[in-house]
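Data first, discussion second: the structure below is written as structure tokens.
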Amino acid sequence: MNLAELGHTCVVGLGWGDEGKGKIVDLLTERFDAVVRYNGGANAGHTVAFGGETFALHLVPSGVLRENVIGVIGPGVALDPVTILEEIDALHARGITLGGDRPRLRISNRAHVVMPYHKLEDSLSESQLPADRRIGTTARGIGPCYADKMNRSTALRVGDLLDRDALCDRLAPILERKNKIFEALYGQRVAQSADELADAYHALGRRLESFICDTTELLHELAAAGNRLLFEGAHGVMLDIDHGTFPYVSSSSSALGVAAGAGVPHQFVKSFMGVIKAYATRVGEGPFPSELADETGQRIRDAGNEYGTTTRRPRRCGWFDAVAVRYAAKLSGVSSIALMHLDTLTGFERIGVCVGYRCGDRTLVTFPADVRDQRRIEPIIEYCKGWTRDLRGVRHMPQLPSAAWDYVERLEKLIGVPIGIVSVGPNREQTILAGR
Ligand code: IMP
């Protein structure tokens, strides 16, 4: 594929998160001037290998590891000021400075703030649900923060952090209400008073002040000046609030939310690139039709180091689900796909692909909307021949063992979208541009 031809582009996860978007964004940013986060918050986790080091980022857009690239956190993000400052400081300690006269990180004054009581509520509300009703959230306060955003009167935006007294005035009734609810539901109160929270969060706001601006204006100015923008989504389409495996989803839109979350018109984004692993994973609860809750799943987990970047939870592993990926690709309008972790499947005698579902006496080839059907369906697995040769040194498609190439072609045919990139390891150079 020709990366040079990409206009403003959105990188979309086509699974349940953790698809490897961080590496693809990092790879593409060479050709872009700004990388924009538009949804989610510190629930996202991107692992990027760079200069012999590994960086785990949650809020800072992974593209900023390259000099000259501006990272933008748009209005649609749920921003935890504590986490982002930790990341800014950690990057600084490793020689990557984002502040200064011309900051390389910009945070929307319209983004919503994740407060300590959001994180508390996230954990408490999960712990009170019966085990089979838990969402399995990352406990980063994302759901409660977005709930307050929709509620409006109980929400705080990044711009609110900059005026201490106004912040305290807003916080007082919010805390009064939260405490009533927390006492009734969980028998406890928010640990801090409105004054304490106003002091602490105003101080955080002051530390972030040089990064805070109207990013909507900034993006439009950057684009008008000929800069190219890369939009980086958190989680994946299967965790989309409207289109994922509801209610076992995150609380924001994936690819379909890019315009609203970034503050740009829909036609602005010229291409959508899907990212998906050569097998399937999921963290947290919820339906996962092609899951392998057995030795094979464990073997994939070990080979792919499938443990969460954000929570270190072991990820559930399974075969590639072509029905779910086709659904996610169709929804997000991707014109090309990056297939990640192909190297992880080396050594499997045969590799399964879910090509349909059995639901009672019916066969489904589309993803069902209802969670009860999603739980009930049985995967129909087709097996492809495996390969034994280590793929980590492969740089061109013709160097792939024929079984690996056949596997890629089979997936491409099942999804109906060209696979433009194949990744065979965590480093930038372990990437094959399929060029077809
Ligand atoms: P929340 O986003 O923390 O509310 O979690 C809701 C669900 O989305 C849980 O199953 C999480 O594990 C999952 N989730 C949220 N963000 C990500 C991500 O970036 N990668 C993988 N799973 C995620």
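The residues of the chain are indexed from 1 along the displayed sequence. First listed ligand is number 1; within each ligand, the first listed atom is number 1.
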Using the ring of [Y] (Phe, Tyr or Trp, six-membered ring only), decide whether [X] places NZ or CZ under 6.0 Å from its centre and within 45 degrees of its axis.
{"X": "R350", "Y": "Y383", "value": "yes"}
{"X": "R315", "Y": "Y307", "value": "no"}
{"X": "R375", "Y": "Y248", "value": "yes"}

Residue [X] vicinity, atoms of ligand 1 by number, heavy atom under 4.0 Å:
{"X": "G136", "result": "9 (C), 10 (O), 11 (C), 12 (O)"}
{"X": "L239", "result": "8 (O), 13 (C), 14 (N), 22 (N), 23 (C)"}
{"X": "D18", "result": "20 (N), 21 (C)"}
{"X": "I135", "result": "6 (C), 10 (O)"}
{"X": "G284", "result": "10 (O)"}
{"X": "W16", "result": "21 (C), 22 (N)"}

Discussion item. Starting from atom 6 (C) of ligand 1, what is the nearest protein heavy atom, named by residue and atom, and what distance separates them?
Written reply: V249 O, 3.4 Å
Have [X] and [Y] got a donor and an acceptor in their side chains that come within less than 3.5 Å?
{"X": "T346", "Y": "W387", "result": "yes"}
{"X": "Q374", "Y": "D370", "result": "no"}
{"X": "K21", "Y": "S62", "result": "no"}

Any N or O of [X] that comes nearer than 3.5 Å to an N or O of ligand 1?
{"X": "R313", "answer": "yes"}
{"X": "R282", "answer": "no"}
{"X": "S251", "answer": "no"}
{"X": "R140", "answer": "no"}

Practice prompt. Start with the C-alpha distance between Y38 and I73, add both sets of side-chain angles, then the distance that settles side chain to side chain contact (heavy atoms under 4.5 Å, CB included), and finish with yes or no.
Written response: CA-CA 6 Å; Y38 61 89; I73 297 192; over 6 Å; no
Worksheet item: Testing D373, T366, D321 for side chain to side chain donor-acceptor pair (under 3.5 Å) with Y357, which one passes?
Response: D321
Item to complete: Could you name the option among T245, I142, V283, T137 that has the heavy atom nearest to atom 5 (O) of ligand 1?
Response: T137
